[in-house]
Novice: 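I have a structure I would like to understand better, so I am pasting it below and will then ask my questions one at a time.
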Amino acid sequence: MESSPSYRQASRARLRDILIGAARDLAVERGWENVRMADVARAAGVSRQTVYNEFDGRGGLAEALALREINQFAAEVRSRLFDHGGDVRAAGHAAILHTLQEAARNPLVHAILTGARGGADELLPYLTTRSGAVLATAGAVIEDWAGVHVPGLEPTTVTLAAESIVRLTVSHILLPLASPPESADALADVFVRLMR
């Protein structure tokens with residue numbers, strides 16, 4: 001008897017989640033540059049070929065790991081924004097502060113920022129040169145929130161504000177010049193101006 005597509009899809013999703021979790025743990029422990037597909041396979045209890053079949057190589061695994069982390073950050077940002085309704089400054093401040101504080105204590109972000117900076121499949125580019133996923137995912141969250149709580153704004157204004165504040169927040173993660181609360185205060189003021 002052949003299993004149903006939904007069961008196969010659920011099994012594959014669980015496998016991907018296990019593999020990504022194993023890769024994350026190893027990246028935190030060793031730094032991404034020292035994580036090999038065989039290590040991920042061993043940690044997950046599967047064959048190396050299974051990992052390759054799922055991700056088409058180390059670059060695909062890096063992308064999946066980065067996207068999972070981005071989506072988790074975005075879900076938390078969404079919660080902070082919506083918790084403050086239409087108060088643009090309070091919502092922006094809460095979301096930015098949470099992002100900066102979480103990035104500072106997140107062991108994977110720490111591993112990314114302190115790891116070697118070379119190679120095509122490294123994780124750092126997902127915050128810098130290949131940051132499209134961060135911009136699109138976080139931008140969509142801000143646009144959704146604004147559509148509900150600040151409905152009078154032009155969509156182009158919201159899109160520009162979202163992209164700008166995400167870029168500024170990421171730059172404060174990469175190169176923090178002040179404490180997260182100080183940076184969040186300054187960036188929340190910028191966010192208010194951008195949302196006019």
Side-chain angles (χ1 to χ4, degrees), residues 17 20-21 24-25 27-28 31-32 62-117 122-196:
D17 192 52
I20 293 168
R24 185 186 194 280
D25 292 345
V28 167
W32 179 250
E63 181 177 3
L65 176 55
L67 291 176
R68 184 171 92 167
E69 207 72 15
I70 290 165
N71 287 332
Q72 288 175 345
F73 266 87
E76 294 168 1
V77 165
R78 174 183 293 282
S79 175
R80 296 325 185 272
L81 287 169
F82 277 86
D83 283 351
H84 289 85
D87 185 335
V88 174
R89 188 181 193 293
H93 185 272
I96 294 163
L97 179 60
H98 174 78
T99 301
L100 295 174
Q101 288 177 330
E102 183 58 27
R105 66 179 161 249
N106 183 301
L108 181 60
V109 173
H110 184 297
I112 291 168
L113 296 178
T114 59
R117 291 174 167 43
E122 196 177 20
L123 293 173
L124 183 62
Y126 290 97
L127 291 174
T128 57
T129 58
R130 293 190 317 199
S131 61
V134 170
L135 293 172
T137 305
V141 167
I142 294 169
E143 289 172 13
D144 289 348
W145 163 79
V148 171
H149 293 291
V150 197
L153 289 177
E154 288 290 323
T156 54
T157 299
V158 175
T159 299
L160 179 61
E163 180 181 334
S164 299
I165 204 63
V166 171
R167 286 181 185 275
L168 287 169
T169 302
V170 168
S171 75
H172 281 259
I173 291 169
L174 294 170
L175 186 62
L177 298 176
S179 70
E182 291 169 322
S183 294
D185 283 342
L187 292 175
D189 290 340
V190 172
F191 186 55
V192 169
R193 291 185 185 104
L194 290 169
M195 291 294 284
R196 290 186 179 150

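Atoms considered below: every heavy atom in the structure, side chains included; atoms not considered: hydrogens, waters and symmetry mates.
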Novice: Output every pair passing salt bridge (charged side-chain N to carboxylate O under 4.0 Å, His left out) with a member in residues 154-168, not counting sequence neighbours, ordered by first then second residue.
Specialist: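 Every pair satisfying salt bridge (charged side-chain N to carboxylate O under 4.0 Å, His left out) with a residue in residues 154-168: Glu163-Arg167.
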Novice: For Ala90, which residues count as a side-chain contact (heavy atoms from CB on, under 4.5 Å) partner, sequence neighbours excluded?
Specialist: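 Partners of Ala90 under the side-chain contact (heavy atoms from CB on, under 4.5 Å) test: His84, Asp87.
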Novice: Only distances under 3.5 Å count here; give the side-chain donor-acceptor pairs of residues 169-181 to other protein atoms, sequence neighbours excluded, each with its distance to 0.1 Å.
Specialist:
residue	atom	partner	partner atom	Å
Thr169	OG1	Ile165	O	2.7
Ser171	OG	Leu168	O	2.7
His172	ND1	Ser183	OG	3.2
Ser179	OG	Glu182	N	3.3
Ser179	OG	Glu182	OE1	3.1

Novice: Could you go through residues 65-73 and list every donor-acceptor pair under 3.5 Å that involves a side-chain atom there, pairing it with any protein atom two or more places apart or in another chain?
Specialist:
residue	atom	partner	partner atom	Å
Arg68	NH1	Asp17	OD1	2.8
Glu69	OE1	Arg24	NE	3.0
Glu69	OE2	Arg24	NH2	3.0
Glu69	OE2	Asn106	ND2	2.8
Asn71	ND2	Leu67	O	3.2

Novice: Quick one: list whatever passes side chain to side chain donor-acceptor pair (under 3.5 Å) with Thr159, sequence neighbours left out.
Specialist: Glu143
Novice: Got a list of side-chain donor-acceptor pairs under 3.5 Å for residues 189-196, not counting sequence neighbours?
Specialist:
residue	atom	partner	partner atom	Å
Asp189	OD1	Arg89	NE	2.8
Asp189	OD1	Arg89	NH2	3.2

Novice: At their closest point, which heavy atom of Leu81 faces which heavy atom of Gly92, and how far apart are they?
Specialist: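 Heavy atoms of Leu81 and Gly92 come nearest at CD2-N, 4.2 Å.
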Novice: Of Thr137, Leu135, Thr99, Val141, which is the lone residue that meets side chain to side chain contact (heavy atoms under 4.5 Å, CB included) with Val166?
Specialist: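 When Thr137, Leu135, Thr99, Val141 are each tested with Val166, the side chain to side chain contact (heavy atoms under 4.5 Å, CB included) holds only for Leu135.
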Novice: Tell me every residue that passes side chain to side chain donor-acceptor pair (under 3.5 Å) with Asp25, counting only those two or more places apart in sequence or in another chain.
Specialist: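 Here no residue qualifies.
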Novice: What heavy-atom pair brings Ile96 and Ala184 nearest, and what distance separates the two atoms?
Specialist: CG2-CA, 3.8 Å
Novice: Restricting to side chain to side chain donor-acceptor pair (under 3.5 Å), what partner residues turn up for Gln101, sequence neighbours left out?
Specialist: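 Partners of Gln101 under the side chain to side chain donor-acceptor pair (under 3.5 Å) test: none.
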Novice: Any non-hydrogen side-chain atom of Val158 less than 4.5 Å from a side-chain atom of Trp145?
Specialist: no
Novice: Specify the closest pair of heavy atoms between Val77 and Ala95, including all atoms of both residues, with the distance to one decimal.
Specialist: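 Smallest heavy-atom distance, with atoms named: CG1-CB, 3.9 Å.
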Novice: Working to the nearest 0.5 angstrom, can you tell me the gap between Glu76 CD and His98 NE2?
Specialist: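 The CD atom of Glu76 sits 3.5 Å away from the NE2 atom of His98.
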Novice: Run the side chain to side chain donor-acceptor pair (under 3.5 Å) test against Ser164 and tell me which residues pass, sequence neighbours left out.
Specialist: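 For Ser164, no residue satisfies side chain to side chain donor-acceptor pair (under 3.5 Å) once neighbours in sequence are set aside.
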Novice: Please list, chain by chain and in numerical order, all residues satisfying salt bridge (charged side-chain N to carboxylate O under 4.0 Å, His left out) with Arg80, sequence neighbours excluded.
Specialist: none
